[in-house]
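Inspection log for the structure reproduced underneath, given as structure tokens.
This one's a predicted model, so the numbers in the text were calculated from it and none came from an experiment. Residue indices begin at 1 and follow the sequence shown.
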Amino acid sequence: MAPSRGPQALARTLHKTLSNHRGPVHVVRYAKGTAKYVLSGGQDRTIRLWNPDLGTEIKKFEAHGYEVLSISVSHDNTKFASSGGDRSVFVWDVTAGVTTRRLAGHMGKVNVVELNADATVLASGSYDSTVRLWDLRAPARAPIQILEEARDAVQTLHVDATTIIAGSVDGHVRTYDLRKGELRSDFVGQPVTSAVPSSDGTTLLVSTLDSHVRLFDTTSGKLLNAFTGHNHTSYRCRACFGHAEATVVCGDEDGAVWAWDLVDATVLQPNPPPKVHDKVITWTEHHPIDPGEMVTCSADGTVKVWRHSS
């Protein structure tokens, strides 16, 4: 729930613009914990490691033959996984800057990859409507399980110790309970572009192509709140929780970043928010620890680091 003092204002002062990508940037992810680094992937087939403090590029990772659509960073920041148009999942050693493993098997582009907490299992979701699970400790390169319940492209994944959450263009959010061997399917009714659980796992934030972000109770599937005002009808945009999970944040197709109070769903000022990217904002991510920083990336080819003016 929101702190008694109310939600903190969103970091809206531009700190740095990271503009080395050529073409749209599809994803930007923070390193884990206190580490002050971000990774971005784009249509130019590269993944770039940045120091957002200085606005400098530290390293460029090149192995993809097609656009990069997804990145997932391991808990210790020593490796990350990426995917895109190659139909394969790439696992990288950050220090060496090379791929240590390539996992093939999907029949279409791989929209999303997600590592579990200790980076032993990787899940990948594809245009081919499947989710594949890979054991990164095993020498075999075949998936340990294939989840085939989706009826359209899988766009978003979350993996934790006991569950896998998959959101699909078919309008369903599917939750797989790995311990019980059970599947619960919640029909949202619109193509799902992101599904982000709260830190305690009790709620799930789902963005869909009807210009809605919805908050669901993960146990009952009950709709708790809906957040609207933004324009999101055609592209994959990601909604996330703001600092202390007191707010909801989402970039839209007009290049604006929207923020709402989690409890009453009111739009935080300014309303409407200013346009901060020239094209659709494809990814929004709040810093995991720092209350005053977030990053956005856009089809305009830039990654932007936002902080409080102080």
Worksheet item: Are the side chain of Thr302 and the backbone of Thr17 linked by a donor-acceptor contact shorter than 3.5 Å?
Response: no

Worksheet item: Looking only at heavy atoms, which two atoms of Met294 and Val257 are closest? And how far apart?
Response: CE-CG1, 3.7 Å

Item to complete: Taking all heavy atoms of Thr296 and all of His277, pick out the closest pair and write down the distance.
Response: OG1-NE2, 2.8 Å

Worksheet item: Any luck finding a side-chain donor-acceptor pair between Ser82 and Trp92 under 3.5 Å?
Response: yes

Worksheet entry | Name of the residue among Val131, Thr130, Leu183 meeting side chain to side chain contact (heavy atoms under 4.5 Å, CB included) with Leu147 | Val131

Worksheet item: Measuring from Thr218:OG1 to Ile165:CD1, what's the distance to the nearest 0.5 Å?
Response: 7.0 Å

Worksheet entry | ring pair (Phe, Tyr, Trp, His ring centres under 6.0 Å) between Phe90 and His64, worked out | CA-CA 8 Å; Phe90 292 35; His64 280 277; 4.0 Å; yes

Item to complete: Using only heavy-atom distances, determine whether the side chains of Ser40 and His21 contain a donor-acceptor pair under 3.5 Å.
Response: yes

Practice prompt. State the OG1-CD distance between Thr203 and Glu245, to the nearest 0.5 angstrom.
Written response: 6.5 Å

Practice prompt. Without swapping roles, check the side chain of Ser298 against the backbone of Val280 for a donor-acceptor pair under 3.5 Å.
Written response: yes

Discussion item. Show, in sequence, the C-alpha distance, side-chain angles and deciding distance for Trp306 and Thr13, and conclude whether the side chain to side chain donor-acceptor pair (under 3.5 Å) test is met.
Written reply: CA-CA 5 Å; Trp306 304 92; Thr13 301; over 6 Å; no

Practice prompt. Please report the shortest heavy-atom distance between Asp278 and Asp300, naming the atom on each side.
Written response: N-OD2, 3.0 Å

Worksheet item: Which residue pairs satisfy the salt bridge (Lys or Arg N to Asp or Glu O under 4.0 Å) criterion with at least one member in residues 17-37, sequence neighbours excluded?
Response: Arg29-Glu114, Arg29-Glu285, Lys36-Asp290, Lys36-Glu293

Worksheet item: Can you tell me if Lys304 uses its side chain to pair, donor with acceptor, with the backbone of Val276 under 3.5 Å?
Response: yes

Worksheet entry | Over all atoms of both residues, closest heavy-atom pair of Cys250 and Trp260 | CB-CZ3, 3.9 Å

Worksheet entry | Candidate pair Thr78 and Thr95, rule side-chain contact (heavy atoms from CB on, under 4.5 Å), full reasoning | CA-CA 7 Å; Thr78 61; Thr95 305; over 6 Å; no

Practice prompt. Enter the distance from Leu136:CG to Leu122:CG here, rounded to the nearest 0.5 Å.
Written response: 5.5 Å

Worksheet item: Does the side chain of Val154 come within less than 4.5 Å of Asn111's, by heavy atoms?
Response: no

Discussion item. Taking the basic N atoms (NZ, or NE/NH1/NH2) and the acidic carboxylate oxygens, is any pair closer than 4.0 Å for Arg48 and Asp44?
Written reply: yes

Discussion item. Any heavy-atom pair between the side chains of Leu69 and Val27 that's under 4.5 Å?
Written reply: no

Item to complete: For the residue pair Asn231 and Asp252, confirm or rule out a side-chain donor-acceptor distance under 3.5 Å.
Response: no

Discussion item. Any donor-acceptor pair under 3.5 Å linking the side-chain atoms of Thr156 with those of Ser194?
Written reply: no

Worksheet, complete the sentence: Correct closest heavy-atom pair for Asn225 and Leu223 would be O-CD1, 3.4 Å

Item to complete: Please round to the nearest 0.5 Å and tell me the distance separating atom CG of Asn116 and atom OG of Ser74.
Response: 10.5 Å

Item to complete: Can you sort out the partners of Asp160 under salt bridge (charged side-chain N to carboxylate O under 4.0 Å, His left out), two or more places apart, ordered by chain and number?
Response: none

Worksheet item: So, for Thr228 and Val267, which heavy atoms are closest and what is the spacing to 0.1 Å?
Response: O-CG2, 4.1 Å

Item to complete: Start with the C-alpha distance between Ser211 and Thr233, add both sets of side-chain angles, then the distance that settles side-chain contact (heavy atoms from CB on, under 4.5 Å), and finish with yes or no.
Response: CA-CA 6 Å; Ser211 300; Thr233 60; 3.6 Å; yes

Discussion item. Show, in sequence, the C-alpha distance, side-chain angles and deciding distance for Val303 and Val28, and conclude whether the side-chain contact (heavy atoms from CB on, under 4.5 Å) test is met.
Written reply: CA-CA 8 Å; Val303 176; Val28 57; 3.9 Å; yes

Discussion item. Closer than 3.5 angstrom, by distance alone: can the side chain of Lys79 be matched with the main-chain N or O of Thr100 as a donor-acceptor pair?
Written reply: no

Worksheet item: Does some side-chain heavy atom of Trp258 sit less than 4.5 Å from a side-chain heavy atom of Pro272?
Response: yes

Worksheet item: So Tyr37 and Leu49, side-chain contact (heavy atoms from CB on, under 4.5 Å) or not? Walk me through it.
Response: CA-CA 7 Å; Tyr37 299 100; Leu49 176 66; 4.0 Å; yes

Practice prompt. Could you note down all residue pairs passing salt bridge (Lys or Arg N to Asp or Glu O under 4.0 Å) where residues 185-195 supplies at least one of them, sequence neighbours left out?
Written response: Arg184-Asp186

Worksheet item: Residues in salt bridge (charged side-chain N to carboxylate O under 4.0 Å, His left out) with Asp86, at least two apart?
Response: none

Worksheet item: So do Phe216 and Thr202 actually touch side chain to side chain, heavy atoms under 4.5 Å?
Response: no

Discussion item. Within the 3.5 Å criterion, strictly below it, is a donor on Thr193 or Ser207 matched to an acceptor on the partner's side chain?
Written reply: yes

Item to complete: Apply salt bridge (charged side-chain N to carboxylate O under 4.0 Å, His left out) to Arg87 and list each qualifying residue two or more places apart in sequence or on a separate chain.
Response: none

Worksheet item: Can you list every salt bridge (Lys or Arg N to Asp or Glu O under 4.0 Å) pair that touches residues 93-103, not counting sequence neighbours?
Response: none

Fill in: Residue that, paired with Val73, satisfies side chain to side chain contact (heavy atoms under 4.5 Å, CB included) out of Leu115, Leu39, Val38
Leu39

Discussion item. Is a donor from one side chain sitting under 3.5 angstrom from an acceptor on the other, for Ser124 and His106?
Written reply: yes

Worksheet item: Does the side chain of Leu268 reach to within under 4.5 Å of the side chain of Asn271, using non-hydrogen atoms?
Response: no

Worksheet item: Taking 4.0 angstrom as the limit, do Arg174 and Glu149 come out as a salt bridge?
Response: no

Fill in: Atom OH of Tyr176 with >12 non-hydrogen neighbours under 6.0 angstrom
yes

Worksheet item: Looking at side-chain heavy atoms only, is the closest gap between Gln145 and Arg132 below 4.5 Å?
Response: no

Item to complete: Decide yes or no for Arg45 and Glu62: does some side-chain heavy atom of the first lie under 4.5 Å from some side-chain heavy atom of the second?
Response: no

Worksheet item: Could you walk me through whether Arg236 and Thr282 pass the side chain to side chain donor-acceptor pair (under 3.5 Å) check?
Response: CA-CA 6 Å; Arg236 181 181 74 170; Thr282 49; over 6 Å; no

Worksheet entry | Close side-chain approach of Leu157 and Ile164, heavy atoms under 4.5 Å | yes

Worksheet item: For Gln190 and His212, does a side-chain donor sit closer than 3.5 Å to a side-chain acceptor?
Response: no

Discussion item. Quick check: is Val173 connected to Val196 through a chain of hydrophobic side chains (ILVMFWY, heavy atoms under 4.5 Å apart)?
Written reply: no

